[in-house]
Amino acid sequence: MRLATWNVNSIRARVDRVTDWLQRADIDVLAMQETKCSDQQFPTMPFAALGYDVVHCGFNQWNGVAIASRVGIDDAQVGFDGQPTWGDTDVEAAAEARALGATCAGVRVWSLYVPNGRFVGSPHYAYKLEWLAALRETAQRWVTDDPALPIAMVGDWNIAPTDDDVWSVEAYRDSTHVTPPERDAFRAIVNAGYADVVRPFTPGPGVYTYWDYTRLAFQKRRGMRIDFILGSPAFADRVTHAEIDREERKGKGASDHAPVVVDLSD
DNA sequence: ATGGTGGACGTTCCA
């Protein structure tokens, strides 16, 4: 089974590019983030035409996560137990449904869009840390409750876990994505039993998954590694290969993130 | 070209 994660930065703006890539890259299950549309607006037809079922959760023009699978989708679930929500109204709470889980061919896949945090000290930054702490708590329970279940938590984590994962430490001084509390939160999830299964196949430094649209960042190789596939032991044991498809960051109409891919043995 | 790009929404906010 080949599983991928991709922050697509609007599925409606990029559906052709995404479905073309799904076919070309022979992907079985794709987790998407930043779909930037409502459930009604999600373009399911182009996926269905290629044999993919889709589950989606999105309520505003910024968030939105989806899973497309051609090996079936069971037990789809929006949000994880204890997930904190932002704001008081129903719409705001729903918009913070940044996690979508589904079982695909026996593998539990979570498409995650970790809060950005905006800037250090903002309420959004505090919320990011709360959200990550709640995820760690729940994810730790998943892996202890059923160690035999392969679980993958994939997506845009909005954290560069080490200095090797940013093009310039100086450029990101005092910025979100690199602060010790964010890195501690990421490490805590790894320590709860979820390994970065891509890194062994893509050693750094200088290996990234995201490049800003501005200032020719991609051409100048100024990026960050913030998109991850974290796997429980039962998942990690099955990983045979992984890669970051930076070719998809090239050309007109690219997302600012590249897809990240893993292969699993049967 | 002197703060850059891209998307959704709506004349601005978010990443």
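Numbers restart at 1 for each chain; the letters A, B, ... are given by sequence-line order, proteins then strands. Just so it is clear, the structure is predicted and the values come from calculations on it, not from any experiment.
Counting to the nearest Å, the C1' atom of B:dC13 and the CG atom of A:N63 are 13 Å from each other. Residue A:E34 contributes atom CD, which lies 8 Å from atom P of B:dA15 at whole-angstrom precision. Rounded to whole Å, the distance from CG on A:L216 to C1' on B:dG3 is 13 Å. Across the protein-nucleic acid pair, A:R17 atom CZ and B:dG6 atom C1' stand 13 Å apart, rounded to whole Å. A straight line from CZ of A:F119 to C1' of B:dC13 spans 14 Å, rounded to a whole angstrom. In this structure, NE2 of A:H257 is placed 12 Å from C1' of B:dG6, rounded to the nearest angstrom. Between the P atom of B:dA8 and the CZ atom of A:F42 lies a distance of 13 Å, rounded to the nearest Å. For the pair A:I11 CD1 and B:dG6 P, the computed distance is 18 Å after rounding to whole Å.
A tilted orientation is assigned to the rings of A:F42 and A:F47, their planes being inclined by 30° to 60°. In this structure, A:Y210 and A:H257 have tilted ring planes: the angle between them lies in the 30° to 60° band.
In summary, the aromatic rings of A:W131 and A:F80 are positioned with their centroids under 6.0 Å apart.
Set against B:dG4, B:dC9, B:dA8, the side chain of A:T214 has B:dG4 as its closest nucleotide. Side-chain atoms of A:A13 lie closest to B:dA8 of the nucleotides B:dC14, B:dA8, B:dA15. Across B:dA15, B:dG6, B:dC9, the shortest atom-to-atom separation from the side chain of A:K36 is found for B:dG6.
With P as the reference atom, B:dT2 and B:dA15 are 26 Å apart, rounded to whole Å. A gap of 11 Å separates the C1' atoms of B:dC9 and B:dC14, to the nearest Å. Nucleotides B:dT11 and B:dG7 have their C1' atoms positioned 16 Å apart, rounded to a whole Å. Rounded to whole Å, the separation between the C1' atoms of B:dA1 and B:dT12 comes to 23 Å.
Applying the 4.0 Å criterion to OP1 and OP2 of B:dT5, one finds that A:R249 has every side-chain N and O outside that range. Close to B:dC14, at under 4.0 Å from its OP1 or OP2, lies a side-chain N or O of A:R118.
Criterion: ILVMFWY side-chain heavy atoms under 4.5 Å apart, direct or through other members. Under it, A:V207 and A:V261 are not part of a common hydrophobic cluster.
A:W157 places a side-chain heavy atom less than 4.5 Å from the side chain of A:L112.
Both A:Q61 and A:Y213 lie near DNA chain B, and the one whose nearest nucleotide falls closer to the 5' end is A:Y213.
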